[in-house]
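This report refers to the structure that appears directly beneath it.
Every value quoted in this text rests on a predicted model; they were computed, and no experiment measured them. Reckoned from all heavy atoms, side chains included, excluding hydrogens, waters and symmetry mates. Chain A is the first sequence line, chain B the second, and so forth, proteins listed ahead of strands; every chain is numbered from 1.
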2 protein chains.
Amino acid sequence: MELSERKKKILKSVIDSYIRTGEPVGSKLLTGTSDLQVSSATIRNEMNELERMGYLEQPHASAGRVPTAEGYRTYVDGLMEQYLLSLEELKVLNEVFNYKVSEIERLMESASHAISEMTNYTSFSVIRPSGRNAQRFETLYIDEHSFLLIMICTDGSIRNRHVKVRMSVDPEMLKTVADALNATMSGVCSEDVTLQSVLEFEERLGAHSGIAATVLRVIYDMLNSTDSEKVHIDGVTKLLSYPEFSDVEKAKDAIALFEDRRDFAQKIMSRSTDEKGLTVHFGEADLPDAGIVLQPIIINGKTVGAIGVMGPKRMDYKKVIASLQYFVDNVGKQFEGESENEQEHRKKPE
Amino acid sequence: MELSERKKKILKSVIDSYIRTGEPVGSKLLTGTSDLQVSSATIRNEMNELERMGYLEQPHASAGRVPTAEGYRTYVDGLMEQYLLSLEELKVLNEVFNYKVSEIERLMESASHAISEMTNYTSFSVIRPSGRNAQRFETLYIDEHSFLLIMICTDGSIRNRHVKVRMSVDPEMLKTVADALNATMSGVCSEDVTLQSVLEFEERLGAHSGIAATVLRVIYDMLNSTDSEKVHIDGVTKLLSYPEFSDVEKAKDAIALFEDRRDFAQKIMSRSTDEKGLTVHFGEADLPDAGIVLQPIIINGKTVGAIGVMGPKRMDYKKVIASLQYFVDNVGKQFEGESENEQEHRKKPE
DNA sequence: ATTAGCACTCGTAGAGAGCAAGTGCTAAAA
DNA sequence: TTTTAGCACTTGCTCTCTACGAGTGCTAAT
């Protein structure tokens, strides 16, 4: 059933006001604001209907109205106007790009920080856990008792560990190790390491097989580690400023969401993977008073991560959405279709 | 001025009780508990004196007593009994060691997690930011448009970045880059890069000088990044369960401490560096109701980091201290005097 | 279809009473 | 001299009650 123009106006005004003040909004309040040229009684009638239609609700009988999830949904889907980022805000966001960082991970971290500051909500960025298939191994001699073990995965991501060993190592030996690994462990993920490949690996090591156990353990660790570092969270305390979370129990629930980063990343990515664009979620994850805006980051057609904002359900969606969209548009420009990010190079006539 | 035996007993009982319940403790309560065989009136008199001496205080005139910072101090410095870790608890802690991890960083992370779970307070681990002097550079070819730039610092720590470039690279060229870096940038820290060394670096690159800007920027980034990943925090929400933090404002203050990890690491390390052993801090950092137990981690005479617990000022110090000490003792055993950590090797007759 | 008016509902803030906990002090007992 | 019982006093907390204000739905008039 379609909403009449006036109902839309009223719904929008209610939500705008509620977002601004956090107070349930009554009919009288609306007669003053907005371009509604009707009396409070008329508005009351309309609000009554909006309530029956499921867009508004009353905290208690004699209070004003508050939007329902459905109300917010229609609001973000078409009612709210577009937010124009101020020059100030653009400056802050652009700074993220100007301080060129070569890795998208760090770029997203700074963006997340900037967005949290700008919107005054909690912001987070998540890098999609990379495919776990090892493609190639490299070793690098550090000193007599340690070396760097580098694993290059099929998706291009790289992991490495500084391995310290008791026995002494030398570059040639490390070369042997790398070769043995590449011969036996290439393309594996954690599950398909077989006893056979392990044995073959040890065999190829020849005289150096003493190091096998250590190396295998490190590789196992690399394959299974969840890169919890790739989850960034910024401005958690900001949430606590909103009355929605002034009850410690609620605050606890909200913050608990970020506590287990691994788990959080999974939740976020599972919601972002199938989406092409920005999505808005209300009152999920046992957080009835929270809203989450989620923006997948897609580069060259692949979802590499997501950046998002969490705030009270009545957060300023238009501002949040504008910020996230500005970021993702510019990330696109910077990373699409190329693996390099330098303007210096473009300037050179080469 | 020395405390009489009886005063000590009373002070200890008060603090024990307060830690357990969080309620101010009155004179009557103590007649029941502990081995004080005196009446409440006597205890009242003693408490009165303890108050004048600065060990106890009253939240308000008709309430029981609460320990002051001074009270806690003497308590942890000698009054409290030793806590014996239960078999359960030992099991949890030992698991951290049994799942052998080669890097102390990860070991401390798991320990921090275990300790937080065990004590039900927030726990953290910090790895001391390594000396920022580059000692040696290495490059590793990944593919035509990217390579790994590895920086080995004077203190043995290693940083690396996956550098993506537009131009195509090959192993020989990367060798040139590494050589040029080692020739010009060895031993530098962020401040003493001179224009001259930059120019010399470019010169040594010869035909490949196009890559100079990118490489230099990455190195600058590596030298200045603060390894915020090396701060681990576990169980923040646990704090919120204690009445001390049931006021959102207080909770906010407490959590804000962990918000800026870089800043937090600095604070922690500046307190740990000069200490050889465990220290206890009460009501610092604008957190009047919080206590922090800090345990520096020293390996081969060098303070490599710290692990600690933050809880309400009335936290169970004896348990916390026992856990931290158990951990640090075993870390010592595992890392002291050797760079390897494998029992597998020890078992071998080699 | 809109609006003014009104009775009604409900949450909140404030005042006051009563209660419980705990103290300091005094005077008696050990 | 030290300890103890007894008591008056202080103070915060909880409960109830009231008044108030905000906002509603409904009815009747425009």
Does dG23(D) have OP1 or OP2 sitting under 4.0 Å from an N or O in the side chain of Ser62(A)? no
Within the 3.5 Å criterion, strictly below it, is a donor on Glu109(A) or Ser125(A) matched to an acceptor on the partner's side chain? no
So which nucleotide from dA4(C), dT11(D), dA5(D) ends up closest to the side chain of Ala41(B)? dA5(D)
side-chain N/O Arg65(A) vs dA22(D) OP1/OP2, d < 4.0 Å: no
Per atom distances to the Arg6(B) side chain, the nearest of dT3(D), dT24(D), dT3(C) is dT3(D)
What is the distance, rounded to the nearest whole Å, between atom CZ of Arg52(B) and atom P of dG24(C)? 10 Å
From CA spacing to verdict: salt bridge (Lys or Arg N to Asp or Glu O under 4.0 Å), Glu46(A), Arg6(A): CA-CA 8 Å; Glu46(A) 293 282 52; Arg6(A) 195 169 66 183; 2.7 Å; yes
Any N or O donor-acceptor pair linking the side chain of Arg44(B) to the base of dG6(D) at under 3.5 Å? yes
Ile43(A) CD1 - dT24(D) C1' separation (whole Å): 14 Å
For side-chain hydrogen bond (donor to acceptor under 3.5 Å, both in side chains), just list the numbers for Ser123(B) and Ser112(B), CA-CA rounded to whole Å, side-chain angles, deciding distance to a tenth of an Å, and then say yes or no. CA-CA 5 Å; Ser123(B) 174; Ser112(B) 168; 3.2 Å; yes
With heavy atoms under 4.0 Å as the rule, sort Asn48(A) into base, sugar-phosphate or nothing. sugar-phosphate
Measure from the side-chain N and O atoms of Glu259(B) to the backbone N and O of Val236(A), and report whether any donor-acceptor pair falls under 3.5 Å. yes
Along DNA chain D (nearest heavy atom to each residue), the more 5'-positioned of Pro59(B) and Asn45(B): Asn45(B)
Rounded to the nearest Å, what distance is computed from the CD atom of residue Glu46(A) to the P atom of nucleotide dG25(D)? 12 Å
Protein-nucleotide distance (His60(B), atom NE2; dC9(D), atom C1'), rounded to Å: 13 Å
Is there a donor-acceptor contact under 3.5 Å from the side chain of Tyr121(A) to the main chain of Asp316(A)? yes
So, Glu89(A) versus Tyr83(A): side-chain donor-acceptor pair below 3.5 Å or not? yes
Rounded to 10°, tell me the angle between the two end axes of the helix from dA1(C)-dT30(D) to dA30(C)-dT1(D), each built from five pairs. 20°
Between dT24(D), dT3(C), dT3(D), which nucleotide gets closest to the side-chain atoms of Met47(A)? dT24(D)
Can you tell me how far P of dG23(D) sits from CG of Leu50(A), to the nearest Å? 17 Å
N/O donor-acceptor pair under 3.5 Å between Ser323(B) side chain and Ile115(B) backbone: no
Rounded to whole angstroms, how far apart are CD on Glu5(B) and P on dT2(D)? 17 Å
Can you tell me the distance, in whole Å, between the CD atom of Glu23(A) and the P atom of dA22(D)? 12 Å
note: Leu30(A), atom CG; dA22(D), atom P; distance rounded to Å ~ 16 Å
Contact class for Ser40(B) (heavy atom, under 4.0 Å): base, sugar-phosphate, or nothing? nothing
